[in-house]
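Below: one structure, written as structure tokens.
All heavy atoms count here, side chains included; hydrogens, waters and symmetry mates do not. Model, not experiment: these values are computed from the prediction. So that the names make sense, note that chain A is the first sequence line, chain B the second, and so on, each numbered from 1.
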Number of protein chains: 2
Amino acid sequence: MKPSVTLKKISNMLNISISTVSRALKNHPDISEATRNKVQELAGMLDYVPNAHAISLRTNNSKEFGIIVPSISSYFYHSFISSIEEEARRFGYSLVILQSGEDPKIELENVIKCKNARLSGIFISITSETEDISELLKLDQQNIPTIFFDKVPAYEACNKVCTADTGATRLVADLLIKKKKKKILAMFGNQHLSITQVRVQAFKEFMEQHNWGKKFEIVYAHSPAQASEQLHLAFQKKNKPDAVFCMSDEILTGVMKRVQMLKIQVPEELGIIAISDGSVPQLYYPEITYAETSGFKLGKLAFSRMMTCIAGTPFVQSIVDESVLIFGGSI
Amino acid sequence: MKPSVTLKKISNMLNISISTVSRALKNHPDISEATRNKVQELAGMLDYVPNAHAISLRTNNSKEFGIIVPSISSYFYHSFISSIEEEARRFGYSLVILQSGEDPKIELENVIKCKNARLSGIFISITSETEDISELLKLDQQNIPTIFFDKVPAYEACNKVCTADTGATRLVADLLIKKKKKKILAMFGNQHLSITQVRVQAFKEFMEQHNWGKKFEIVYAHSPAQASEQLHLAFQKKNKPDAVFCMSDEILTGVMKRVQMLKIQVPEELGIIAISDGSVPQLYYPEITYAETSGFKLGKLAFSRMMTCIAGTPFVQSIVDESVLIFGGSI
DNA sequence: TTGAAAGCGCTAACAG
DNA sequence: CTGTTAGCGCTTTCAA
């Protein structure tokens, strides 16, 4: 339990003032080389590390960003976080990652923590249960620029960056039509989520606009197991689907398990297409064709938006990152 | 840009002293109910949030733990982190998650950050490239209890908790023998990693002890693609394997891709068994039988070890979490 | 029951 | 080139 070394301690040992030590350590031009060397050497020996709390308190600048997500486990969030991390490092910022676990209460706790820590800014993807975002909207006024990403609140005037749900869905729908699939099983997740609603809506619209309104059926699945079950049901009918669209990785894994179980031939017997951030589709053979929603690109967009806000031109903006098709051999 | 509200501001508005406000806010028994209500009400209206940096500075206790990992993306680390998070919350601690991206330089930067932030303790899983851990060993002396987990340095006197590599490998080997597999393909990862060496060693030893030394072949793969290729090669020979052992998820995904490609029947044609933390094996049908290394359990162990250290009985200890077999239908 | 005062470690304006 | 001083927001002893 050795007490930590401070500027004061160094200044005492060297019989110089605290401020001289402080300056010497940050290579202030005013300091003589002799003094500077002396100080830096001793600091090195003593393993001096500046106290970040004291600095934050004094300068009122923590040089830290917060990232609040429902869960860090998905490939999407992971690539988003890594992307932000890369940029943050370049600018001398650190990252504080907080998980809300799909629980609005914990999410709120996390927001409070960010305020307590006087973070320089927050990136947040809200949980699917989040209803009251008033606390979040206050952040901007309290001098903590906030960028919503991916799961963003609807209709509010705040900074958002998100992936092109509509665009990605249309890419998929378009390919299904081009491939002349006539009996499409379109599987979506929890229909209470706005992301599901947007995708369902986009899918229906596109199909109908292209006179394909009679060639698909929409079903919902809240888990891989349910997705698996849905495919099972569809394959028991005499008129089996010739293609299945999975709106998420969760759905896709369920579907693929049943495909293996029933030994369904892909793509001959059944075409498969998904929307994904791109890790899961590569686990299978043939690899799954999907519309990509890139956490990495979104991270870059979000970060540059953040820096703009910090620079002091905090007008509100919604940015959408367009999606692209990645071809496997599954359709 | 409204300036943040502080105790001083509240005390001015109410014409009472700062210390009274401070006490009132934390329900100090000395304070009269009238004053307390008055203060708490105003603080509520003003959205007062205590400045965590000031508190840390004053109390010399950040109530934060750091977790440093190569990457948060794996299911193992994710479950470890979530497990720690759960406990930390119960004790009023927050978590700072830092990724090193398999880069010792960034890892070192992260350690420095933890020191700067005067964290209350650190959980760290070192990168496979980490060689110089002197900076890490200093942490304990500098009053930052450090728990190494999963990827731990060899031979050093420090607190470690890790999964039972040897135990898990033996469980697998034992089942392979019980199933009377005679032509086992045992696939391991990067042989420079100590985790690989330990597992290979344990596997060989167990097999030889049980007179099964002639019935397996060991190969190495550094990526899913290489694992896939290895299986391909094995299946081109006239004497095909009747079982494959995958020492990690990475290997398993590569193997499974080739299994799908070659339409190999599992388990009739080929038995499959793995060591995994338990997310990937469930993606397939039949589900893969595996020896589980649980991040969740390890997290609990690590946390309780941390609390012991903080309580001030910091003797060094190595804890190993035993593994169990989870049965799918793959062998 | 409340207030005054000191100090955590650091920065920065000002003075020499 | 170096030192003095004030103060960031908070807790906590001591005194009233």
* For A:Ser125 and A:Ile68, run side chain to side chain contact (heavy atoms under 4.5 Å, CB included): C-alpha distance rounded to whole Å, both residues' side-chain angles, the deciding distance at 0.1 Å, then the answer. => CA-CA 6 Å; A:Ser125 178; A:Ile68 303 178; over 6 Å; no
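Counting to the nearest Å, the P atom of D:dG7 and the CG atom of A:Asn61 are 21 Å from each other. Nucleotide C:dG3 holds its P atom 12 Å from the CG atom of B:Asn12, rounded to whole Å. In this entry the distance linking CZ of A:Arg118 with P of D:dC10 reads 7 Å, nearest Å. Computed from coordinates, the A:Ile18 CD1 to D:dC8 C1' distance equals 15 Å when rounded to whole Å. Here C:dG9 presents its P atom at 7 Å from CG of B:Asn60, a figure rounded to the nearest Å. Atom P of nucleotide C:dC8 and atom CG of B:Asn51 are separated by 18 Å, given to the nearest angstrom. Atom C1' of nucleotide C:dT1 and atom CG of B:Leu25 are separated by 17 Å, given to the nearest angstrom. The NZ atom of B:Lys26 sits 10 Å away from the P atom of D:dC10 (whole-angstrom rounding).
Distance from the side chain of B:Thr6 is smallest to D:dG9 among C:dC10, C:dT2, D:dG9. Nearest to the side-chain atoms of A:Arg23 among the listed nucleotides C:dA13, C:dC10, C:dG3 stands C:dA13. Taking every side-chain heavy atom of A:Pro50 into account, C:dC10 is the closest of D:dG3, D:dC10, C:dC10. For A:Ile16, the listed nucleotide lying nearest its side chain is D:dG3; candidates were D:dG3, D:dC14, D:dC10. Ranking C:dC8, D:dT4, C:dA4 by closeness to the A:Lys8 side chain, first place goes to C:dC8.
Remark: A:Lys151 fails to qualify as a cation-pi partner of A:Phe148 under the 6.0 Å distance and 45° angle criteria applied to the six-membered ring.
Residue-level contact check: B:Asp30 touches the bases, meaning some heavy atom is under 4.0 Å from a base atom. Residue-level contact check: B:Leu57 touches the bases, meaning some heavy atom is under 4.0 Å from a base atom. If you check every strand for non-hydrogen atoms under 4.0 Å, A:Thr35 touches sugar and phosphate atoms only. Base contact: A:Ser19 has a heavy atom under 4.0 Å from a base atom.
For B:Ser22 and D:dC10, the shortest distance from a side-chain N or O to OP1 or OP2 is not below 4.0 Å. Of the side-chain N and O atoms in B:Ser17, one or more sit less than 4.0 angstrom from OP1 or OP2 of C:dG3.
Heavy atoms of other residues, nucleotides or ligands lying less than 6.0 angstrom from CG of B:Asn60 number 12 at most.
Atom CD of B:Gln99 and atom CD1 of B:Ile106 lie 9.5 Å apart (nearest 0.5 Å).
Aromatic ring pairs are classed by plane angle as parallel below 30°, tilted from 30° to 60° and perpendicular above 60°; the pair A:Phe91 and A:Phe303 is tilted.
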